[in-house]
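Quick caveat, the model's predicted, so the values are computed rather than measured.
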Amino acid sequence: MADKSFRVKEVAEALDRSPRTIRNHIQQGELPAAKVGRTYVITRNDLAEYLGSMDRVRAIFGDEEK
């Protein structure tokens, strides 16, 4: 099963941050992400690592769709 992924804008809106701030965290190595074309893609697992727990990801984005 593929891991749910998010774009920078989705993460920025959910965390009440600017997309630039999220991109800066990616570029500084604080938030793992993959670059697909011109867009960064952040997996649920990488976001959980960044936020400190999967519980925080679930609280923000809900349970993973099956």
**Fill in**
Scanning both residues in full, the closest heavy-atom pair of V11 with F61 reads CA-CZ, 4.3 Å
**Message:** On a heavy-atom basis, which atom in P19 and which in A12 lie closest, and how many Å separate them?
**Reply:** N-CB, 3.6 Å
**Between D46 and T43, a side-chain donor and acceptor under 3.5 Å** = yes
**Message:** I need the single residue from E13, Q27, R17, K9 that forms a side chain to side chain contact (heavy atoms under 4.5 Å, CB included) with I22. Which is it?
**Reply:** R17
**Prompt:** Of all heavy-atom pairs between V41 and S5, which one has the smallest distance, and what is that distance?
**Reply:** CG1-CB, 3.3 Å
**Request:** Calculate, to the nearest 0.5 Å, the distance between atoms OG and CZ belonging to S18 and R23 respectively.
**Result:** 7.5 Å
**R56 side chain vs L51 backbone, donor-acceptor pair below 3.5 Å** = yes
**Close side-chain approach of M54 to N45, heavy-atom, < 4.5 Å** = yes
**Single-linkage hydrophobic cluster L31~I60, side-chain heavy atoms < 4.5 angstrom** = yes
**Item:** Y50/L15 under side-chain contact (heavy atoms from CB on, under 4.5 Å): CA gap, chis, key distance, verdict
**Value:** CA-CA 12 Å; Y50 174 70; L15 300 179; 4.2 Å; yes
**Backbone N/O of R7 and side chain of E10: donor-acceptor pair under 3.5 Å** = yes
**Message:** A side-chain contact here means heavy atoms from C-beta on lying under 4.5 Å apart; do V8 and T39 qualify?
**Reply:** no
**Request:** Give the C-alpha distance, both sets of side-chain angles, the deciding distance and a yes or no for side-chain contact (heavy atoms from CB on, under 4.5 Å) between L47 and R44.
**Result:** CA-CA 5 Å; L47 191 55; R44 271 180 92 82; 5.7 Å; no
